[in-house]
Novice: 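Can you keep this structure in mind? I'll have questions shortly.
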Amino acid sequence: MARPRHAAQTRSHERNAPLMIYVGTQYFRAPTPAPEDWERDIQQARAYGLDYFRFWLMWNWYSQREGQYDFSSLARLLDLCEKHGMKALMLTNLESVPAWLVKKHPEAVYQDETGGLYWPESVGNTPAGGFPGLCFHHKAVADAGRDYIANLVRAFRDHRAIECWEPHNEPMFEPGRYNSRFYCYCAETVRAFQNYLAAKYDRIEALNANWRRNYGAFDEVLPPRKRGMYNNWLDWRAFAVDSLMASLEWRIQTIRDNDPNHYVMIHTRGGSGVTRNLAKEGIDDYRMAALVEKYGTAAFPQCGPEHEYFIAMAGARCAAKGKEFWMAELQGGPYGMGIHRNDAEPVCEFCGSSTMEATIDKKEGVFDPGEVTPERLNMWTWSGIAQGAKGILYWQYRNESFGLEYGFGLTELDGSPHARLEVVRAFKQVLSRHRNLLDGATLPPCRVAMAWDPRNDIVNWTAVGCCDAVKNSIKGIHKVLWHGDYPIDVLRLDPEFIPGENFDSYDAVFLPFSPFLDSGAAARLRAYVQQGGTLVAEASLAQFDDTMRVNPVVPGAGLDELFGCRRADVRTMHHQLLPAIKIGALSLRARMHKEVLKPLKGARVIGRFATGEPAVIENRVGKGRAIYIGSNPFIGYMVHDDRGLLKWIQKLLAGVERHAWTDKPDVIARVLVNDDAKIVFLLNTQSKPAAATLAVPVAGRKTPTVTEIITGRTVMAKPEKGALNLRRRLGPYGVEVFAIQ
Ligand SMILES: [Zn+2]
């Protein structure tokens, strides 16, 4: 279905033609900020360069009685926005159910795997109560939610302050956002699951063959409650993701049916699907991005080491498949305002590393989350632009003042400007000054990709109760390439997406820890190598076949022929006991597995464990090569930088094009292009000053003009051997942006 060209449509009537890059912030979420502050806040925010405010429109806040809605306060807020030229992002929120609906339909209260009920209540992100709502497998609940959205959208679709709609905040399996439980096990959900299985398998014998069970009929089948078997969990979680997508579809359809003239966007939880646990949270970026016109991800960089939000941004950007992509919640200030939060999210030993709680409670010493200084906020902001984001939306304008989610504000507690708000103003001024350069700027194509099948999250979770190995392998691959200034794309290997993924433009593709890889993905990877690609994989690749049986040959699905090796033996070992891997003069740290490899004919052993056994095999196939590592060093790199691994990867990728790079791993170079101009971002991701040499390849003999656009200073530089080499000194979290033309 052709959708209207919203950006042009919604912006044309504004007095001053706005930037293509959106700059805004979250503002109202009941009950704060207080109505008496609204006009002053809007005026001040406009004066500081913010053009967009997001509102969370809580269902229970606007519906006190069945069939009644009172939007008068919201109308006043939007009128004030219009008066002062602020545009509103309207986030409809059903995870805040009205109390009258809970009273009327107690059977629809979400149920966890132990039979425990989640009675709607206040939580950090829903201070006014009603979280997590009720289970949408109950028709009366879905109907009531649809009615709220329809009434809300009809009430404001013609309001001139409206920019767009959002159907859900950070869609995920909501009841589990703040606890370790799985949902939902209510009678309606179980019935829907049985219908799903009947549609998928048709005959009960087919389900029995897959699950290795002996059921007589579909209505005997119950969802799994404990870990123990892969197949039923894969179906149970696939059903849950389908259910989440179905709920998004009817929310979005209700918006579009009632307002065809404004676009719909979704932003995902910080970390996005690529770093979060699919089994627990159900965040599938690709499927969500396909439903809407724009996509984004939250970024709370203080929740993890700085490299982590880069891979999350890459995951969301690639899921958007060329649609406009936003840094849709950028942490605007520090978390916590003097009292420790006690609603800790579930943290498993490794995969919780992307949560704030992991930083504070479990991961002390791994990294220092530090302060949110104005300089650091500035660096985060520019890093969003450097990664191709067309919108920067801060979380949030004022500090939250009710409930458990303190902090994050761009202002002081009384709403007056903090130094961080000055950063936003200065950033906006640079954007405005250089709009011709930045508006149309795009990311040059990535030459390197990471390809994965998210079902490995479910497999890993079923095996051990967390998916740390998969997530840390993904983050580790990204981190080593980030240190080497190779921006990456994120590709999907599950059957629904692999036909649409184009591997041909990549010089190298890395596979994270993937014990499950189906035969379709294996065939596609084989074709990629034959056509000239470099493919790198970690231990235990394709250990399971398409039915989750352990393959008699590992790697399975014919990948032994591709990689030129087979597993001879495998041990899971503590990293302090694992022998190092020797590749030439380099020593690499092994992690998690010692998988001893048997090389096949024609393949070459290029690395050995310090104990002597083959550890790394290279196989030339067609025009390309496949490299198999009999351990999981990328998981290790996530935790400890391993200079041996970084050097080896740099050697492996010698000759792969980079658009800019530095000689310091933690000083990151990123590039956008706009016609003949290159925009080069130099980002010091550390709290200490750094000196680095920035290298930018240039074509031809002409000496280009180099301007640092934040300060407006011209930088003198002469190309040598086809590259500009700029020696730069950066302060803590310093950032420079060079226009080279
Ligand atoms: Zn349910």
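Every number for a ligand or one of its atoms is a count from 1 in the order of the listing.
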Novice: Honestly, is R146 close enough over W250, meaning NZ or CZ under 6.0 Å from the six-membered ring centre and within 45° of the axis?
Specialist: yes
Novice: Is K294 paired with E166 through a side-chain N to carboxylate O contact shorter than 4.0 Å?
Specialist: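 No.
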Novice: Enumerate the residue pairs fulfilling side-chain hydrogen bond (donor to acceptor under 3.5 Å, both in side chains) with a member in residues 193-205, sequence neighbours excluded, ordered by first and then second residue.
Specialist: K200-D235, Y201-D235
Novice: Any Lys/Arg nitrogen of E220 or R213 sitting under 4.0 Å from an Asp/Glu carboxylate oxygen of the other?
Specialist: no
Novice: What is the SG(C184)-the Zn ion (ligand 1)-SG(C135) angle, to the nearest 10 degrees?
Specialist: 120°
Novice: Tell me whether H137 has at least one N, O or S atom under 2.8 Å from the Zn ion (ligand 1).
Specialist: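 Checking H137: none of its N, O or S atoms is under 2.8 Å.
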Novice: Rounded to the nearest 10°, what angle sits at the Zn ion (ligand 1) between SG of C186 and OG1 of T189?
Specialist: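 SG of C186, the Zn ion (ligand 1) and OG1 of T189 span an angle of about 90°.
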Novice: Flag Q111 as yes if one of its N/O/S atoms falls below 2.8 Å of the Zn ion (ligand 1), otherwise no.
Specialist: no
Novice: Using the side-chain contact (heavy atoms from CB on, under 4.5 Å) definition, which of the options R29, H267, Q396 pairs with R54?
Specialist: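 Per the side-chain contact (heavy atoms from CB on, under 4.5 Å) rule, the option paired with R54 is H267, out of R29, H267, Q396.
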Novice: Strictly under 2.8 Å, is any N, O or S atom of H138 next to the Zn ion (ligand 1)?
Specialist: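 No, H138 does not qualify, because none of its backbone or side-chain N, O or S atoms lies under 2.8 Å.
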